[in-house]
Amino acid sequence: MIELDDIKAIKKIDKKNMLGALELFPEQCEEAEKIARKTRLSVLFKKPRSIIILGMGGSGISGDIVKAILSEELDIPIFVNKDYKLPKFANKNSLFLAVSYSGNTEETLSAFEQAVSLGAFVISITSGGELAKKARNSNLPVMTIPGGLQPRAALGYLLIPIFVVLEKLGLIKSKVDEIKNTVDSLKQTRETLSPGNPLNKNLAKQLAERLVGKIPVVYGSCGITGVAALRWKCQFNENSKVPAFYNIFPELNHNETVGWELLKDITERFFLIIFKDDQDHPQVKKRIDITKSLIQEHFDSVFETWTKGESKLERIFSIIYLGDFVSTYLAVAEGIDPSPVERISLLKKELAKE
Ligand code: PA5
(Lines give C-alpha, C1' and ligand atoms only; values in the text may rest on other atoms or scores of the structure.)
Protein backbone atom coordinates (compact mmCIF):
# COMPACT_ATOMS: atom_id res chain seq x y z
CA MET A 1 0.00 0.00 0.00
CA ILE A 2 1.23 3.51 -0.83
CA GLU A 3 1.97 5.85 2.09
CA LEU A 4 -0.47 8.76 1.82
CA ASP A 5 2.00 11.25 3.31
CA ASP A 6 4.65 10.41 0.73
CA ILE A 7 4.09 13.30 -1.70
CA LYS A 8 6.67 12.00 -4.20
CA ALA A 9 5.02 8.58 -4.34
CA ILE A 10 1.57 10.20 -4.69
CA LYS A 11 2.75 12.29 -7.65
CA LYS A 12 4.16 9.19 -9.34
CA ILE A 13 0.81 7.42 -9.19
CA ASP A 14 -1.50 10.40 -9.74
CA LYS A 15 0.04 10.99 -13.17
CA LYS A 16 -2.66 13.31 -14.53
CA ASN A 17 -2.82 15.19 -11.23
CA MET A 18 -6.38 14.52 -10.11
CA LEU A 19 -5.41 15.81 -6.66
CA GLY A 20 -4.19 19.05 -8.20
CA ALA A 21 -7.54 19.47 -9.97
CA LEU A 22 -9.33 18.86 -6.67
CA GLU A 23 -7.20 21.45 -4.92
CA LEU A 24 -8.20 24.00 -7.56
CA PHE A 25 -11.89 23.15 -7.35
CA PRO A 26 -12.93 26.31 -5.43
CA GLU A 27 -11.24 28.52 -8.05
CA GLN A 28 -12.88 26.41 -10.78
CA CYS A 29 -16.30 27.32 -9.31
CA GLU A 30 -15.35 31.01 -9.29
CA GLU A 31 -14.18 30.87 -12.91
CA ALA A 32 -17.29 28.94 -13.96
CA GLU A 33 -19.49 31.66 -12.53
CA LYS A 34 -17.56 34.34 -14.43
CA ILE A 35 -17.79 32.41 -17.72
CA ALA A 36 -21.52 31.89 -17.27
CA ARG A 37 -22.22 35.51 -16.36
CA LYS A 38 -20.33 36.69 -19.45
CA THR A 39 -22.29 34.43 -21.84
CA ARG A 40 -25.15 36.31 -23.49
CA LEU A 41 -28.50 34.59 -23.73
CA SER A 42 -29.85 36.61 -26.58
CA VAL A 43 -33.15 34.78 -27.05
CA LEU A 44 -36.27 36.33 -25.55
CA PHE A 45 -37.73 33.51 -23.56
CA LYS A 46 -41.15 33.12 -22.06
CA LYS A 47 -41.49 31.17 -18.84
CA PRO A 48 -40.96 27.45 -19.55
CA ARG A 49 -43.39 24.81 -18.35
CA SER A 50 -40.56 22.47 -17.32
CA ILE A 51 -36.79 22.32 -17.12
CA ILE A 52 -35.04 19.33 -18.64
CA ILE A 53 -31.32 18.77 -18.08
CA LEU A 54 -29.62 16.40 -20.52
CA GLY A 55 -26.38 14.74 -19.43
CA MET A 56 -24.66 11.51 -18.51
CA GLY A 57 -22.18 10.43 -15.83
CA GLY A 58 -19.86 13.12 -14.53
CA SER A 59 -21.78 15.74 -16.51
CA GLY A 60 -25.28 14.48 -15.78
CA ILE A 61 -24.76 14.58 -12.03
CA SER A 62 -24.72 18.37 -12.27
CA GLY A 63 -28.41 18.05 -13.18
CA ASP A 64 -29.07 15.81 -10.19
CA ILE A 65 -27.44 18.35 -7.88
CA VAL A 66 -29.42 21.24 -9.36
CA LYS A 67 -32.62 19.24 -8.96
CA ALA A 68 -31.83 18.41 -5.31
CA ILE A 69 -31.14 22.07 -4.58
CA LEU A 70 -33.98 23.69 -6.52
CA SER A 71 -36.88 21.28 -6.22
CA GLU A 72 -38.35 23.22 -3.28
CA GLU A 73 -37.66 26.59 -4.92
CA LEU A 74 -38.94 26.10 -8.49
CA ASP A 75 -42.63 26.15 -9.25
CA ILE A 76 -42.17 24.10 -12.42
CA PRO A 77 -40.93 20.51 -12.66
CA ILE A 78 -37.26 19.79 -13.22
CA PHE A 79 -36.21 16.54 -14.86
CA VAL A 80 -32.78 15.03 -15.44
CA ASN A 81 -32.74 13.05 -18.69
CA LYS A 82 -30.08 10.33 -18.83
CA ASP A 83 -31.22 8.66 -22.01
CA TYR A 84 -31.13 8.86 -25.81
CA LYS A 85 -34.82 9.73 -25.84
CA LEU A 86 -36.83 12.50 -24.23
CA PRO A 87 -39.89 11.87 -22.08
CA LYS A 88 -43.29 12.39 -23.74
CA PHE A 89 -44.02 15.53 -21.68
CA ALA A 90 -41.03 17.34 -23.23
CA ASN A 91 -42.11 19.93 -25.77
CA LYS A 92 -41.21 23.35 -27.14
CA ASN A 93 -42.32 24.93 -23.87
CA SER A 94 -39.62 23.06 -21.96
CA LEU A 95 -36.29 24.73 -21.24
CA PHE A 96 -33.41 22.38 -22.05
CA LEU A 97 -29.87 22.44 -20.73
CA ALA A 98 -27.53 20.04 -22.51
CA VAL A 99 -24.51 19.33 -20.33
CA SER A 100 -21.59 17.34 -21.71
CA TYR A 101 -17.99 17.99 -20.79
CA SER A 102 -16.57 16.46 -23.98
CA GLY A 103 -19.54 17.46 -26.09
CA ASN A 104 -19.40 14.03 -27.70
CA THR A 105 -21.61 11.83 -25.53
CA GLU A 106 -24.04 10.07 -27.81
CA GLU A 107 -27.03 9.91 -25.46
CA THR A 108 -26.79 13.65 -24.77
CA LEU A 109 -26.36 14.45 -28.48
CA SER A 110 -29.36 12.33 -29.40
CA ALA A 111 -31.58 13.98 -26.75
CA PHE A 112 -30.25 17.41 -27.80
CA GLU A 113 -31.26 16.78 -31.42
CA GLN A 114 -34.71 15.69 -30.35
CA ALA A 115 -35.12 18.86 -28.27
CA VAL A 116 -34.02 21.01 -31.23
CA SER A 117 -36.47 19.23 -33.51
CA LEU A 118 -39.26 20.09 -31.04
CA GLY A 119 -38.38 23.74 -31.60
CA ALA A 120 -37.32 24.13 -27.96
CA PHE A 121 -34.73 26.50 -26.53
CA VAL A 122 -31.58 24.55 -25.60
CA ILE A 123 -28.59 25.98 -23.80
CA SER A 124 -25.43 23.89 -23.98
CA ILE A 125 -22.65 23.70 -21.42
CA THR A 126 -19.59 22.00 -22.87
CA SER A 127 -15.89 22.31 -23.56
CA GLY A 128 -16.55 21.78 -27.30
CA GLY A 129 -17.08 18.67 -29.43
CA GLU A 130 -20.15 17.90 -31.53
CA LEU A 131 -22.51 19.51 -29.06
CA ALA A 132 -20.90 22.93 -29.46
CA LYS A 133 -20.95 22.54 -33.27
CA LYS A 134 -24.56 21.44 -33.41
CA ALA A 135 -25.70 24.16 -31.03
CA ARG A 136 -23.96 26.88 -33.05
CA ASN A 137 -25.39 25.49 -36.29
CA SER A 138 -28.85 25.84 -34.75
CA ASN A 139 -28.09 29.36 -33.45
CA LEU A 140 -28.47 28.18 -29.88
CA PRO A 141 -26.30 29.48 -27.02
CA VAL A 142 -23.22 27.64 -25.80
CA MET A 143 -21.41 28.22 -22.53
CA THR A 144 -17.90 27.15 -23.41
CA ILE A 145 -15.92 25.85 -20.45
CA PRO A 146 -12.21 24.95 -20.40
CA GLY A 147 -11.29 21.41 -21.50
CA GLY A 148 -8.46 19.14 -20.42
CA LEU A 149 -9.95 17.68 -17.24
CA GLN A 150 -11.78 14.47 -16.53
CA PRO A 151 -15.53 15.32 -16.65
CA ARG A 152 -15.93 14.36 -12.97
CA ALA A 153 -13.15 16.80 -12.06
CA ALA A 154 -14.97 19.60 -13.89
CA LEU A 155 -18.11 19.59 -11.73
CA GLY A 156 -17.78 23.31 -10.94
CA TYR A 157 -17.64 24.20 -14.65
CA LEU A 158 -20.61 21.96 -15.39
CA LEU A 159 -22.81 22.88 -12.44
CA ILE A 160 -22.42 26.57 -11.61
CA PRO A 161 -23.46 27.80 -15.11
CA ILE A 162 -26.82 26.01 -14.74
CA PHE A 163 -27.66 28.20 -11.73
CA VAL A 164 -26.51 31.30 -13.59
CA VAL A 165 -28.68 30.42 -16.63
CA LEU A 166 -31.77 29.86 -14.47
CA GLU A 167 -31.06 33.10 -12.64
CA LYS A 168 -30.59 35.04 -15.91
CA LEU A 169 -33.89 33.70 -17.18
CA GLY A 170 -35.58 34.87 -13.99
CA LEU A 171 -36.54 31.37 -12.88
CA ILE A 172 -34.67 31.40 -9.55
CA LYS A 173 -33.39 34.02 -7.18
CA SER A 174 -29.75 35.06 -7.32
CA LYS A 175 -27.26 32.43 -6.19
CA VAL A 176 -24.35 34.90 -5.95
CA ASP A 177 -24.07 34.75 -2.15
CA GLU A 178 -24.60 31.00 -1.95
CA ILE A 179 -21.87 30.39 -4.53
CA LYS A 180 -19.51 32.79 -2.76
CA ASN A 181 -20.07 31.22 0.67
CA THR A 182 -19.69 27.72 -0.78
CA VAL A 183 -16.40 28.69 -2.42
CA ASP A 184 -15.15 30.21 0.85
CA SER A 185 -15.96 27.01 2.78
CA LEU A 186 -14.39 24.85 0.08
CA LYS A 187 -11.20 26.89 0.38
CA GLN A 188 -11.15 26.26 4.13
CA THR A 189 -11.90 22.55 3.74
CA ARG A 190 -9.13 22.24 1.15
CA GLU A 191 -6.55 23.07 3.84
CA THR A 192 -7.58 19.99 5.82
CA LEU A 193 -7.97 17.53 2.92
CA SER A 194 -5.04 18.39 0.65
CA PRO A 195 -2.05 16.04 0.25
CA GLY A 196 0.14 18.45 2.23
CA ASN A 197 -1.94 17.91 5.39
CA PRO A 198 -0.64 14.75 7.11
CA LEU A 199 -2.71 11.64 7.68
CA ASN A 200 -3.06 12.15 11.43
CA LYS A 201 -4.94 15.41 10.73
CA ASN A 202 -6.50 14.52 7.37
CA LEU A 203 -9.94 12.86 7.44
CA ALA A 204 -9.87 12.03 3.72
CA LYS A 205 -6.57 10.16 4.00
CA GLN A 206 -7.76 8.35 7.14
CA LEU A 207 -10.97 7.20 5.49
CA ALA A 208 -9.13 6.12 2.34
CA GLU A 209 -6.82 3.92 4.42
CA ARG A 210 -9.78 2.35 6.20
CA LEU A 211 -11.46 1.67 2.85
CA VAL A 212 -8.60 -0.28 1.28
CA GLY A 213 -9.94 -3.72 0.30
CA LYS A 214 -13.53 -2.78 1.26
CA ILE A 215 -16.72 -2.24 -0.76
CA PRO A 216 -18.33 1.11 0.02
CA VAL A 217 -22.11 1.37 0.49
CA VAL A 218 -23.16 5.00 0.71
CA TYR A 219 -26.48 6.15 2.15
CA GLY A 220 -27.99 9.63 1.89
CA SER A 221 -31.51 10.90 2.16
CA CYS A 222 -34.12 12.20 -0.29
CA GLY A 223 -33.38 15.70 0.99
CA ILE A 224 -29.99 16.82 -0.29
CA THR A 225 -27.61 14.08 0.80
CA GLY A 226 -28.89 11.43 -1.64
CA VAL A 227 -27.17 13.15 -4.51
CA ALA A 228 -23.94 13.35 -2.51
CA ALA A 229 -24.23 9.59 -1.92
CA LEU A 230 -24.57 9.09 -5.69
CA ARG A 231 -21.49 11.24 -6.30
CA TRP A 232 -19.44 9.26 -3.73
CA LYS A 233 -20.51 5.98 -5.34
CA CYS A 234 -19.55 7.19 -8.83
CA GLN A 235 -16.25 8.62 -7.59
CA PHE A 236 -15.38 5.30 -5.92
CA ASN A 237 -16.14 3.57 -9.24
CA GLU A 238 -14.24 5.96 -11.50
CA ASN A 239 -11.39 7.22 -9.32
CA SER A 240 -10.77 4.19 -7.09
CA LYS A 241 -11.92 1.53 -9.60
CA VAL A 242 -13.88 -0.38 -6.95
CA PRO A 243 -17.47 -1.54 -6.88
CA ALA A 244 -19.59 0.78 -4.74
CA PHE A 245 -23.29 1.14 -4.07
CA TYR A 246 -25.62 3.85 -2.86
CA ASN A 247 -29.17 4.19 -1.71
CA ILE A 248 -31.52 6.77 -0.26
CA PHE A 249 -33.62 7.07 2.91
CA PRO A 250 -36.54 6.53 3.40
CA GLU A 251 -36.95 4.27 0.33
CA LEU A 252 -34.11 1.94 1.34
CA ASN A 253 -36.04 1.06 4.50
CA HIS A 254 -38.68 -0.57 2.34
CA ASN A 255 -36.36 -3.10 0.73
CA GLU A 256 -32.56 -2.91 1.08
CA THR A 257 -32.61 -2.89 4.89
CA VAL A 258 -33.90 -6.49 4.78
CA GLY A 259 -31.14 -7.50 2.37
CA TRP A 260 -28.47 -7.08 5.03
CA GLU A 261 -29.65 -10.22 6.81
CA LEU A 262 -27.83 -13.14 5.20
CA LEU A 263 -24.40 -13.50 3.52
CA LYS A 264 -22.56 -12.01 6.48
CA ASP A 265 -19.33 -13.66 5.33
CA ILE A 266 -19.51 -11.46 2.21
CA THR A 267 -21.03 -8.27 3.67
CA GLU A 268 -18.34 -8.06 6.35
CA ARG A 269 -16.12 -6.61 3.62
CA PHE A 270 -18.65 -3.84 3.03
CA PHE A 271 -18.09 -0.39 4.52
CA LEU A 272 -21.20 1.65 5.31
CA ILE A 273 -21.06 5.43 4.89
CA ILE A 274 -24.04 7.51 6.07
CA PHE A 275 -24.69 11.20 5.43
CA LYS A 276 -26.88 13.27 7.71
CA ASP A 277 -28.27 16.73 7.19
CA ASP A 278 -29.78 18.98 9.82
CA GLN A 279 -32.72 19.68 7.50
CA ASP A 280 -33.55 15.99 6.96
CA HIS A 281 -37.17 15.20 7.75
CA PRO A 282 -37.43 14.36 11.49
CA GLN A 283 -38.69 10.86 10.67
CA VAL A 284 -35.75 10.35 8.31
CA LYS A 285 -33.38 11.27 11.16
CA LYS A 286 -35.06 8.59 13.29
CA ARG A 287 -34.95 6.10 10.44
CA ILE A 288 -31.21 6.60 9.99
CA ASP A 289 -30.50 5.86 13.65
CA ILE A 290 -32.81 2.83 13.80
CA THR A 291 -31.44 1.44 10.53
CA LYS A 292 -27.88 1.81 11.71
CA SER A 293 -28.60 -0.14 14.88
CA LEU A 294 -30.30 -2.88 12.83
CA ILE A 295 -27.64 -3.43 10.18
CA GLN A 296 -24.27 -2.21 11.44
CA GLU A 297 -23.11 -5.63 12.66
CA HIS A 298 -23.19 -6.82 9.03
CA PHE A 299 -20.54 -4.31 7.95
CA ASP A 300 -16.80 -4.11 8.44
CA SER A 301 -17.22 -0.50 9.60
CA VAL A 302 -19.66 2.37 9.66
CA PHE A 303 -18.72 6.02 9.07
CA GLU A 304 -21.25 8.80 9.57
CA THR A 305 -20.87 12.46 8.79
CA TRP A 306 -23.03 15.58 8.86
CA THR A 307 -23.26 18.23 6.18
CA LYS A 308 -21.84 21.61 7.14
CA GLY A 309 -22.88 25.10 6.09
CA GLU A 310 -25.94 27.23 5.49
CA SER A 311 -27.26 26.85 1.94
CA LYS A 312 -28.09 23.56 0.27
CA LEU A 313 -25.24 24.15 -2.19
CA GLU A 314 -22.72 24.63 0.61
CA ARG A 315 -24.02 21.62 2.54
CA ILE A 316 -23.97 19.28 -0.48
CA PHE A 317 -20.44 20.36 -1.36
CA SER A 318 -19.21 19.92 2.22
CA ILE A 319 -19.79 16.19 1.64
CA ILE A 320 -18.98 15.91 -2.07
CA TYR A 321 -15.57 17.56 -1.65
CA LEU A 322 -14.63 15.11 1.10
CA GLY A 323 -15.67 12.15 -1.10
CA ASP A 324 -13.71 13.43 -4.08
CA PHE A 325 -10.53 13.42 -1.96
CA VAL A 326 -11.32 10.09 -0.26
CA SER A 327 -11.87 8.26 -3.57
CA THR A 328 -8.71 9.77 -5.06
CA TYR A 329 -6.58 8.87 -2.03
CA LEU A 330 -8.07 5.38 -2.09
CA ALA A 331 -6.87 4.96 -5.68
CA VAL A 332 -3.43 6.24 -4.74
CA ALA A 333 -3.22 4.01 -1.65
CA GLU A 334 -3.93 1.04 -3.94
CA GLY A 335 -1.26 2.24 -6.41
CA ILE A 336 -3.88 3.06 -9.08
CA ASP A 337 -3.90 6.21 -11.21
CA PRO A 338 -7.25 7.86 -10.38
CA SER A 339 -7.70 9.66 -13.73
CA PRO A 340 -8.03 7.13 -16.58
CA VAL A 341 -11.38 5.44 -17.06
CA GLU A 342 -10.35 3.05 -19.80
CA ARG A 343 -13.57 1.07 -19.87
CA ILE A 344 -15.69 4.18 -20.46
CA SER A 345 -13.40 5.24 -23.33
CA LEU A 346 -13.43 1.73 -24.79
CA LEU A 347 -17.21 1.49 -24.62
CA LYS A 348 -17.62 4.84 -26.33
CA LYS A 349 -15.22 3.78 -29.10
CA GLU A 350 -16.97 0.46 -29.67
CA LEU A 351 -20.40 2.13 -29.75
CA ALA A 352 -19.20 4.72 -32.24
CA LYS A 353 -18.21 1.98 -34.76
CA GLU A 354 -20.60 1.70 -37.72
O1 PA5 B 1 -16.67 10.67 -15.65
C2 PA5 B 1 -16.71 10.30 -16.81
O3 PA5 B 1 -15.71 10.26 -17.55
C4 PA5 B 1 -18.03 9.90 -17.40
O5 PA5 B 1 -18.97 9.66 -16.41
C6 PA5 B 1 -18.51 11.00 -18.37
O7 PA5 B 1 -18.83 12.15 -17.69
C8 PA5 B 1 -19.70 10.48 -19.18
O9 PA5 B 1 -19.31 9.37 -19.93
C10 PA5 B 1 -20.28 11.54 -20.09
O11 PA5 B 1 -19.27 12.16 -20.84
P12 PA5 B 1 -19.29 13.76 -20.95
O13 PA5 B 1 -19.20 14.25 -19.54
O14 PA5 B 1 -18.10 14.12 -21.77
O15 PA5 B 1 -20.59 14.08 -21.60
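Here the structure is a predicted model, which is why all the values come from computation and not from measurement. Whatever order the structure lists them in is the order used to number ligands and atoms, beginning at 1.
With W232 as the partner, the ring-ring contact (aromatic ring centres under 6.0 Å, His included) test is satisfied by one option alone out of F245, Y246, F275: F275. The one candidate from D277, D278, I320 that meets the side-chain contact (heavy atoms from CB on, under 4.5 Å) condition with R315 is D277.
Counting atoms of ligand 1 from 1 in the listed order, those under 4.0 Å from a heavy atom of G57 are 5 (O), 7 (O). Atoms of ligand 1 found under 4.0 Å from any heavy atom of M56, numbered from 1 in the order shown, are 7 (O), 8 (C), 10 (C). Residue P151 approaches ligand 1 through these ligand atoms, each under 4.0 Å from one of its heavy atoms: 2 (C), 3 (O), 6 (C), 7 (O), 13 (O).
The protein atom (non-hydrogen) at minimum distance from atom 11 (O) of ligand 1 is T105 OG1, 2.9 Å. Scanning the protein for heavy atoms near atom 2 (C) of ligand 1, the closest one is E238 OE1, 3.0 Å. Residue, atom and distance of the protein heavy atom nearest to atom 14 (O) of ligand 1 are S102 OG, 2.6 Å. Considering only non-hydrogen protein atoms, atom 5 (O) of ligand 1 sits nearest to G58 N, 3.0 Å. Atom 9 (O) of ligand 1 has its closest protein heavy atom at K348 NZ, 2.8 Å.
Between the side chains of N197 and T192, no donor-acceptor pair is found at a separation under 3.5 Å. Side chain to side chain, Y84 and Q114 fail the donor-acceptor criterion of an N or O pair below 3.5 Å.
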> V66 and L159: side-chain contact (heavy atoms from CB on, under 4.5 Å), yes or no, with the steps?
Replying inline: CA-CA 7 Å; V66 168; L159 172 79; 3.5 Å; yes
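Separating the CD1 atom in I53 from the CG atom in L158 is a distance of 11.5 Å, to the nearest 0.5 Å.
Contacts between S59 and ligand 1 below 4.0 angstrom, taking non-hydrogen atoms only, involve backbone and side chain alike.
Checked against the 6.0 Å centroid threshold, F317 and F25 count as a close aromatic pair.
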